[in-house]
Amino acid sequence: MYENLSNYKNLSFSTYNKMAYCKIQKIPGGTQADDKWWENLESKSKGKKWDTMRHNGVLFPEPYKPLPKNVKIKYDKKPVSLDSTDTDNPLHITAEEAAVFFAMKIDQDIRTEKPENKKAINDKIFCKNFWSDWKKILGKDHIIKDFKLVDFTPIRDYIVKRAAKKIEEKKAMTPEEKAELKEQKAATTELYGYAVIDGVRLGMSAGIQPPGIYMSHADSPLRGRIKKRIQPSDITLNVSKKYVPECKINGKPCKWGEIVEKKDVSWIASYGNPLDSKNTNYIYLKREGSHWVCMDDKVKFEKARNLGKNISKVRKGYTQDLDSKASNTRQLATAVYLLDELAIRPGTEKDEKTESDTLGLTTLKCGNLKFERGGSVTFDFTGKSGVPFKKTVKVVESVYKNLKSLCTGKKDSEQVFPDINAISLNGYLKNFLSELTAKVFRTYKAGSILQNELDNCVPKSTDEVHEKKLSFNKANIKVAQALNHKNLAAGDKKVDKVNKKIEELKEKKKAAKTPKQKASAQKSIDVQEGKLEEASENISMNTSKVNYIDSRIIVAWCKKYDMPIEKIYNKNLLKKFVWAMDTVSTWRF
DNA sequence: CCCCCGACTTGGCGCTACGCGA
DNA sequence: TCGCGTAGCGCCAAGTCGGGGG
């Protein structure tokens, strides 16, 4: 598996990088990264990211395979055949294919809502949006006129059965067949899984989004709309002009939409979002293998650290403004106080016609605030991706007074901060610290909480690895709580499950005959109990680990207490944070 | 000058490979 | 060896924010 962290002690950033990446970078057209390559990387003139970029283009999804002729939807209880070959419409999808998409969603829950009443088929907007797109594919003379009379269950039942059969077939495969399948996959990865940047091969994921139905994470007014099938002519490739790859779809030659050579960006290909071509989708290097992401991460954490160094100055600044005579300034200062205190996202403005009405700091409405006795305020709103945010905090007197006056005489649906937005908030923050933006507060919060928790967490040298891991998790949970990262799908079942397991393990411990068995049972109990808090609040630690926690804090702690870092970071995270591995044990956020 | 959108980060969750206990 | 549960990986949705362009 992974070598122990101690092997990497005192390696420089570039040396470690080379160890991680260069061993595997032998491909036609790509040489191994040498010192010069890494030096160039750091010294590239501003805005320029690469000199040569080479890749084999993008990978299109499989074409649609028609259903057997006897599998049909029912319209008004009678079987109806749908066209399965004509894709001559703006979505490039056959009428039957669209029906298959819908049939596979009818039992699915709309995310964020209670499952019992929120099957997609019962969601009026979901159905209305699908119907309006499907109607266009069917054409206006089609016999299907009333969506309510369409029964998709025959297709659903067929697809479910087919999927089950496929699993059985896979199980029944001989080792040789399995090996061949694996080889095929590897061959595709070999061809489409890498880009060569300035002569160095790096992982990319070349897959174009397949067509389907747009499933919003929250309550987007566009949920249920059909996402079109992307055509080669929709694709813009970013590639060195002398290395433009051949365009092929299902083995047939085709033509790329556009070829560009934009050296100031890191994307490899782009195309209009399949739902709404005003937005752009991108193909990038894999996050964990991208040297650009590595370097940007480092910059991001340094910004957060800089906020930490200057936090008293920043606090002093906005505290003064809390009592400013100008209403605008008071609003800004109050918002920054909340940013600092609660690490809420800034809340950029949204288009209510096409986007969910999830909220952030500057878009909060008076109905989201409740003024409690004793100077506390409860914040209750739905945030990014439909995650509920509900916290009660005691605020300083000026903030309480400001918030109260901002909400007095206003309807619940009116904005708490009518005169500010994310842009003006960021502009205001620049007064205190250049390069400071609202989201930096979240990164700063994550770093400072983890550093604090780990400072107070001093494992005994006799502790086993799993005990150290538990201590670490406790600290990580604190961070995830602060950032309100949750896993809603698990519901309440998770806690019950953990509790049940603990009971079982206790029984097992009682029944244990040898001290060794007893100890092993206790270890399992510890692990489960460690999960209890996480489960009870549906906390998800992953997002903070991937995006918010400065890996240097973790590396330093691991070195200090001889904790193998691979117990905290998986393979990909080890790669993503490769730049931090030479951090010394005394390093602090 | 301002606003829209380009480019990138951040987010939850479904799927699957894999490891563990029976 | 087999079935089962789970971590983790990849997918794609949903944010942030600065600067290009009208």
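Proteins get letters first, then strands, A, B, ... in listed order; numbering begins at 1 in each.
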A.B. asks: Which nucleotide in the list B:dG11, C:dC12, C:dC17 gets nearest to the side chain of A:Gln209?
C.D. replies: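 So the nucleotide nearest the side chain must be C:dC12.
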A.B. asks: Measure from CG on A:Leu59 to P on C:dG10 and round the result to the nearest Å.
C.D. replies: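 About 15 Å, once rounded to whole Å.
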A.B. asks: Checking all strands, does A:Gly347 fall into the base, sugar-phosphate, or nothing category for heavy-atom contacts under 4.0 angstrom?
C.D. replies: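 Here A:Gly347 touches the backbone only, sparing every base.
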A.B. asks: I want to confirm an ordering. Mapping A:Thr280 and A:Lys170 to their closest nucleotides on DNA chain B, which one lands closer to the 5' end?
C.D. replies: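 Nearest-nucleotide comparison on DNA chain B picks A:Thr280.
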A.B. asks: Rounded to the Å, how far apart are A:Tyr284 OH and C:dC11 P?
C.D. replies: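 That distance rounds to 15 Å.
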A.B. asks: How are the rings of A:Tyr337 and A:Tyr318 set relative to one another: parallel (under 30°), tilted (30 to 60°) or perpendicular (over 60°)?
C.D. replies: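 Because their plane-to-plane angle is over 60°, the rings of A:Tyr337 and A:Tyr318 count as perpendicular.
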A.B. asks: Name the one of A:Gln209, A:Glu97, A:His92 that satisfies side chain to side chain donor-acceptor pair (under 3.5 Å) with A:Arg229?
C.D. replies: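 Per the side chain to side chain donor-acceptor pair (under 3.5 Å) rule, the option paired with A:Arg229 is A:Glu97, out of A:Gln209, A:Glu97, A:His92.
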A.B. asks: With a 4.0 Å cut-off on N to O distance, would you call A:Lys49 and A:Asp264 a salt bridge?
C.D. replies: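 Answer for the salt bridge query: no.
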A.B. asks: Determine the contact category for A:Lys182: base if any of its heavy atoms lies under 4.0 Å from a base atom, sugar-phosphate if only primed atoms, P, OP1 or OP2 are that close, otherwise nothing.
C.D. replies: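 Nothing, no nucleic acid heavy atom in range.
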A.B. asks: Examine B:dT9: is either OP1 or OP2 under 4.0 Å from a nitrogen or oxygen in the side chain of A:Lys576? Give yes or no.
C.D. replies: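 It does not, given that no N or O in the side chain of A:Lys576 lies less than 4.0 Å from OP1 or OP2 of B:dT9.
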A.B. asks: For A:Arg345 and B:dG11, is the shortest distance between a side-chain N/O and OP1 or OP2 below 4.0 Å?
C.D. replies: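 So the side chain of A:Arg345 is within the cut-off, an N or O lying under 4.0 Å from OP1 or OP2 of B:dG11.
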A.B. asks: Taking the side chain of A:Lys384 as its heavy atoms from C-beta onward, which of B:dC13, B:dC8, C:dG15 lies nearest to it?
C.D. replies: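 Side chain of A:Lys384 sits closest to C:dG15.
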A.B. asks: Figure out the CZ/C1' separation between A:Phe389 and C:dG15, and round it to whole Å.
C.D. replies: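 Rounded to the whole Å, the gap is 16 Å.
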A.B. asks: Report the distance from atom CD1 of A:Ile283 to atom C1' of B:dG6, rounded to the nearest whole Å.
C.D. replies: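 One finds 16 Å between C1' of B:dG6 and CD1 of A:Ile283, rounded.
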A.B. asks: Compare side-chain N and O positions of A:Lys575 against OP1 and OP2 of C:dG8 and report whether any pair is under 4.0 Å apart.
C.D. replies: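 A:Lys575 to C:dG8 OP1/OP2: no side-chain N or O under 4.0 Å.
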A.B. asks: Roughly how many Å is it from CD1 in A:Ile344 to C1' in C:dT16, rounded to a whole number?
C.D. replies: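 After rounding, the gap between these two atoms is 16 Å.
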A.B. asks: Of all the nucleotides listed (C:dA14, C:dC9, C:dC12), which has the minimum atom distance to the side chain of A:Tyr214?
C.D. replies: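 Side chain of A:Tyr214 sits closest to C:dA14.
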A.B. asks: So, OP1 or OP2 of B:dC13: does either fall under 4.0 Å of a side-chain N or O from A:Lys486?
C.D. replies: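 Negative; the distance criterion is not met.
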A.B. asks: Among B:dG11, C:dC9, C:dT16, find the nucleotide with the atom closest to the side chain of A:Asn570.
C.D. replies: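 My answer, after comparing the listed nucleotides, is C:dC9.
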A.B. asks: Go through B:dC8, C:dA14, C:dC17 for me and flag the one nearest to the A:Trp267 side chain.
C.D. replies: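 Side chain of A:Trp267 sits closest to B:dC8.
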A.B. asks: Tell me whether A:Lys430 contacts the main-chain N or O of A:Leu436 through its side chain, where contact means a donor paired with an acceptor under 3.5 Å.
C.D. replies: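 Yes; at least one donor-acceptor contact below 3.5 Å.
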A.B. asks: Is there a side-chain contact between A:Arg223 and the phosphate of C:dA14, meaning an N or O under 4.0 Å from OP1 or OP2?
C.D. replies: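 Result: no.
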A.B. asks: Would you indicate which nucleotide in C:dC11, C:dC17, B:dA7 comes nearest to any side-chain atom of A:Pro346?
C.D. replies: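 That would be C:dC17.
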A.B. asks: So A:Ser220, base contact, sugar-phosphate only, or nothing? Heavy-atom distance under 4.0 Å.
C.D. replies: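 The residue A:Ser220 makes no contact with any strand.
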A.B. asks: At less than 4.0 Å, is any side-chain N or O atom of A:Ser266 found next to OP1 or OP2 of B:dC8? Yes or no.
C.D. replies: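 Looking at the OP1 and OP2 atoms of B:dC8, one of them is under 4.0 Å from a side-chain N or O of A:Ser266.
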A.B. asks: Please work out whether the ring planes of A:Tyr444 and A:Phe441 are parallel, tilted or perpendicular, with thresholds of 30° and 60°.
C.D. replies: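 Rings of A:Tyr444 and A:Phe441: perpendicular, over 60°.
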A.B. asks: Round to the nearest Å and state the distance from A:Lys278 atom NZ to B:dG6 atom P.
C.D. replies: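 The answer, rounded to whole Å, is 11 Å.
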A.B. asks: When you measure from the side chain of A:Lys227, which nucleotide among C:dC12, B:dA7, C:dT16 comes out closest?
C.D. replies: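 Output: C:dC12.
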A.B. asks: Ignoring backbone atoms, establish whether A:Asn487 has a side-chain N or O less than 4.0 Å from OP1 or OP2 of B:dC13.
C.D. replies: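 Yes, such a contact exists.
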A.B. asks: Measure from the side chain of A:Asp296, starting at C-beta and using heavy atoms only, and say which of B:dG12, C:dC11, B:dT9 lies closest.
C.D. replies: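 Nearest to the side-chain atoms of A:Asp296, counting from C-beta on, is B:dT9.
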A.B. asks: With nearest nucleotide decided by heavy atoms, which residue, A:Leu573 or A:Thr358, maps closer to the 5′ end of DNA chain C?
C.D. replies: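 Counting from the 5' end, the first nearest nucleotide belongs to A:Leu573.
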A.B. asks: Would you say the base of B:dT10 and the side-chain of A:Arg287 have a donor-acceptor pair closer than 3.5 Å?
C.D. replies: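 By the distance-only test, yes, there is a pair.
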A.B. asks: Once you apply a heavy-atom cut-off of 4.0 Å, does A:Ala422 come out as touching a base, just sugar-phosphate, or nothing?
C.D. replies: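 Counting heavy atoms under 4.0 Å across all strands, no contact is made by A:Ala422.
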A.B. asks: Mind checking if A:Pro274 touches a base, just sugar-phosphate, or nothing, with heavy atoms under 4.0 Å?
C.D. replies: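 Touches nothing.
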A.B. asks: For a quick test of reading the model: is some side-chain N or O of A:Thr543 closer than 4.0 Å to OP1 or OP2 of B:dG12?
C.D. replies: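 A:Thr543 to B:dG12 OP1/OP2: side-chain N or O found under 4.0 Å.
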A.B. asks: Considering heavy-atom distances to DNA chain C, does A:Lys171 or A:Ile213 have its closest nucleotide positioned more toward the 5' end?
C.D. replies: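 The residue closer to the strand's 5' end, by nearest nucleotide, is A:Lys171.
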A.B. asks: Strictly by modelled atom types, are A:Ser270 and A:Asn281 linked by a side-chain donor-acceptor pair under 3.5 Å?
C.D. replies: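 The answer is no; no qualifying pair exists.
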A.B. asks: Classify the side-chain pair A:Tyr214/A:Arg223 by whether it contains a donor and acceptor separated by less than 3.5 Å.
C.D. replies: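 Side-chain D/A pair, A:Tyr214 to A:Arg223: absent.
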A.B. asks: Tell me the interatomic distance from A:Asn547, atom CG, to C:dA14, atom P, rounded to whole angstroms.
C.D. replies: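 In whole Å, C:dA14 P lies 17 Å from A:Asn547 CG.
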A.B. asks: Answer with base, sugar-phosphate or nothing: what part of the nucleic acid does A:Lys567 contact at a heavy-atom distance below 4.0 Å?
C.D. replies: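 Counting heavy atoms under 4.0 Å across all strands, no contact is made by A:Lys567.
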A.B. asks: Within the structure, does a side-chain N or O atom of A:Asn281 lie under 4.0 Å from either OP1 or OP2 of C:dA13?
C.D. replies: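 For C:dA13, OP1/OP2 do not have a side-chain N/O of A:Asn281 under 4.0 Å.
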A.B. asks: Tell me which nucleotide among B:dC8, B:dT10, C:dT16 gets nearest to the side chain of A:Thr348.
C.D. replies: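 The nucleotide sitting nearest to the side chain is C:dT16.
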A.B. asks: Would you kindly compare A:Gln108 and A:Tyr282 by the position of their nearest DNA chain B nucleotide and give the one closer to the 5′ end?
C.D. replies: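 Closer to the 5' end of DNA chain B: A:Tyr282.
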A.B. asks: Side-chain donor or acceptor of A:Lys439 under 3.5 Å from a matching atom on the base of B:dT9?
C.D. replies: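 No.
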A.B. asks: Any side-chain N or O of A:Ser216 under 4.0 Å from OP1/OP2 of C:dA14?
C.D. replies: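 Looking at the OP1 and OP2 atoms of C:dA14, one of them is under 4.0 Å from a side-chain N or O of A:Ser216.
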A.B. asks: Using whole Å, report how far CG of A:Leu361 lies from P of C:dG15.
C.D. replies: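 Atom CG in A:Leu361 sits about 15 Å away from atom P in C:dG15.
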A.B. asks: Between B:dC8, C:dG18, B:dG11, spot the one nearest the side chain of A:His485, thanks.
C.D. replies: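 The nucleotide sitting nearest to the side chain is B:dG11.
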A.B. asks: Report the C-alpha separation of A:Lys165 and A:Glu168 in whole Å, then their side-chain angles, then the decisive distance to 0.1 Å, and conclude whether the salt bridge (Lys or Arg N to Asp or Glu O under 4.0 Å) test is met.
C.D. replies: CA-CA 5 Å; A:Lys165 204 173 135 200; A:Glu168 286 306 312; over 6 Å; no
